[in-house]
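Down below is the structure, laid out as structure tokens.
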Amino acid sequence: MSKGVIFVSTDWISDVLADALGKLDCEIIRGPAATGPGFTVYDPADYARLFGRTDVIVASPITKIDRSIMEAAPRVRAIMSPVIGVESIDVDAASDLGIIVGHGATPENFLGMSEATVLFIAALAMQMPFKQRLLAENAPRPRELTARSVRGRTIGLVGMGRIARGVVDRLAGWETEILYFDPYVTQDQAPAGAKKVELDDLLQRSDFVSLHVTVTSETRAMIGERELRLMKPTAYLVNTARGAALDEAAVYKVLKEGAIAGAALDAFVEEPLPMSSPLREFVGADNVILTPHIIGHTYDVMASLPVAALANVERVLRGEPPLYTKNPEAIERWKARLARIG
């Protein structure tokens, strides 16, 4: 394999990737340290030094890679995200420029999130936060229980990608009805046991509404107050996807009013969740679970990411598409770009 130049952003997850990529006969360029919170944005004055000779950009989820960086990187062949999400990368610009985008869509990653989603559903149904509080306060068992079994309930999945499909598989045998809304997945493309419906129908019928979408112009704040008020007052909201898919102010309002039974949220518009966020009012509540976008993170996931990043970069340097490709529709333009780069 010919020597290449790889840019790797600098933060906790990218440090692990840099160690793995160090096994290649390549030059590694590290970006400035992440300053957080929020996205790391590079100074255009540094573009030439950081990206001018770069063949592959490996950028963490908190590193903004926009069109201006791509245009300042005449030799770049690919941009790699170590995780599934690519919200920090302008994928449309990359496709337009013939740059392939790889990501860490390993089975450990997306199936781990499927497991975490089912965990949230079961924990809400069985009222785990409430029962933990009873023990903590040494309170007597309540005479009347309001917890419910997942069996016999209706699960509504908004989006039918890898994670949602894993949820369907993991709920097999739980004796649930599974509905899904996804305008890009037809009924015959869906996994067995999932029924396609319109979004309003899903919201009105489901006992648990779980989000599984990336954030685009179509999905940003797609669940707002109108949608939340379509849900049953006994229904729960689950979000293990992206915070920006929800209108957080509306979520706070309906939870405060008791318009829905509760929620389990692992993702937020701003992360870490600001101390000033009204949602923090529900920390420790009997009917709400809040976790810092880490519910599906396991040893298995973290061990798989450097392996996937190494495989993705090796393939690109050989002129092959990444093992996990986010924009496969751009492969022909990517091949043309490689021919121009030589």
Side-chain angles (χ1 to χ4, degrees), residues 13-14 16-17 20 58-62 78-89 91 100-123 155-174 176 178-182 184-185 189-194 208-216 219 222 238-246 264-268 271 291-313 315 321-329:
I13 192 169
S14 296
V16 175
L17 298 177
V58 179
S60 79
I62 63 168
I79 301 167
M80 302 295 180
S81 167
V83 298
I84 291 178
V86 294
E87 283 82 6
S88 64
I89 300 169
V91 178
I100 208 74
V101 177
H103 61 151
T106 64
E108 293 85 352
N109 202 338
F110 62 82
L111 294 180
M113 292 307 302
S114 302
E115 291 180 9
T117 300
V118 175
L119 164 70
F120 268 167
I121 290 171
I155 315 294
L157 305 178
V158 181
M160 186 49 74
R162 291 186 181 95
I163 295 173
R165 290 171 184 273
V167 172
V168 175
D169 290 342
R170 274 143 192 78
L171 285 174
W174 286 53
T176 62
I178 300 178
L179 309 177
Y180 82 94
F181 167 75
D182 191 321
Y184 302 102
V185 177
Q189 294 171 329
F208 299 89
V209 174
S210 184
L211 270 66
H212 300 281
V213 297
T214 57
V215 176
T216 66
T219 61
M222 68 179 297
V238 174
N239 187 12
T240 57
R242 291 293 182 265
L246 293 174
L265 309 175
D266 183 55
F268 306 95
E271 296 177 354
T291 53
H293 209 158
I294 200 174
I295 191 62
H297 290 191
T298 63
Y299 168 84
D300 309 272
V301 172
M302 301 315 294
S304 76
L305 297 184
V307 176
L310 182 61
N312 278 345
V313 171
R315 289 173 64 91
L323 188 61
Y324 306 105
T325 301
K326 184 65 179 179
N327 58 341
E329 70 280 359

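Heads up: numbering here begins at 1 and tracks the sequence.
- Residues Thr240 and Asp266 bring no donor and acceptor atom of their side chains to less than 3.5 Å of each other.
- Looking only at side-chain heavy atoms (C-beta outward), Val301 and Thr106 stay at 4.5 Å or farther from each other.
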Fill in: Stepwise side chain to side chain contact (heavy atoms under 4.5 Å, CB included) check, Thr176 with Phe208
CA-CA 11 Å; Thr176 62; Phe208 299 89; over 6 Å; no
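- Within the 4.5 Å cutoff, the side chain of Thr298 has no heavy atoms near those of the Glu108 side chain.
- Nearest heavy atoms, Ser81 versus Ile89: CB-CD1, 4.0 Å.
- You'll find the side chain of Glu87 reaches within 4.5 Å of the side chain of Thr214, heavy atoms only.
- Separation of atoms CG (Leu246) and CG (Leu211) is listed at 5.0 Å; rounding is to 0.5 Å.
- For the pair Asn312 (side chain) and Gly104 (backbone), a donor-acceptor distance under 3.5 Å is absent.
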Discussion item. Test side chain to side chain contact (heavy atoms under 4.5 Å, CB included) on Val167 and Ser210; report intermediate values, then the result.
Written reply: CA-CA 10 Å; Val167 172; Ser210 184; 5.8 Å; no
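- To the nearest 0.5 Å, the span separating CZ on Phe268 from OG1 on Thr291 amounts to 6.5 Å.
- At least one side-chain heavy atom of Met160 sits less than 4.5 Å from a side-chain heavy atom of Arg165.
- Expressed to the nearest 0.5 Å, how far CG of Asn239 lies from CG of Leu265 amounts to 6.0 Å.
- Contact check for Trp174 versus Ile155: no side-chain heavy atoms found under the 4.5 Å cut-off.
- Remark: the backbone N or O of Ala164 is not paired with any side-chain donor or acceptor of Tyr180 at under 3.5 angstrom.
- Remark: side-chain polar atoms of Thr325 are not paired, donor with acceptor, to backbone N or O of Gly102 under 3.5 angstrom.
- Between the side chain of Asp182 and the backbone N or O of Tyr184, at least one donor-acceptor pair lies under 3.5 Å.
- In terms of heavy-atom proximity, Leu111 sits nearest to Gly166 at CD2-CA, 4.1 Å.
- Ser60 and Ser88 make their closest contact through O-OG, 3.6 Å (heavy atoms, listed as atom of the first residue, atom of the second, distance).
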Practice prompt. Take Arg170 and Thr117 through the side chain to side chain contact (heavy atoms under 4.5 Å, CB included) test and state the conclusion after the steps.
Written response: CA-CA 10 Å; Arg170 274 143 192 78; Thr117 300; over 6 Å; no
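- When all heavy atoms of Gly159 and Val213 are compared, the closest pair comes out as CA-CG1, 4.0 Å.
- The backbone N or O of Ala172 sits nowhere less than 3.5 Å from a side-chain atom of Asp169 that would complete a donor-acceptor pair.
- Taking CG from Leu310 and CG from Leu305, the interatomic distance works out to 12.5 Å, rounded to the nearest 0.5 Å.
- By the 4.5 Å heavy-atom criterion applied to side chains, Met113 and Ile295 are counted as neighbours.
- Leu323 approaches Ala311 most closely through the heavy-atom pair CD2-CB, 4.3 Å.
- The side-chain heavy atoms of Arg162 and Ile84, taken from C-beta on, include no pair separated by under 4.5 Å.
- The distance from atom CG of Leu157 to atom NE2 of His212, rounded to the nearest 0.5 Å, is 5.0 Å.
- Counting heavy atoms from C-beta outward, His293 and Arg242 have side chains that approach closer than 4.5 Å.
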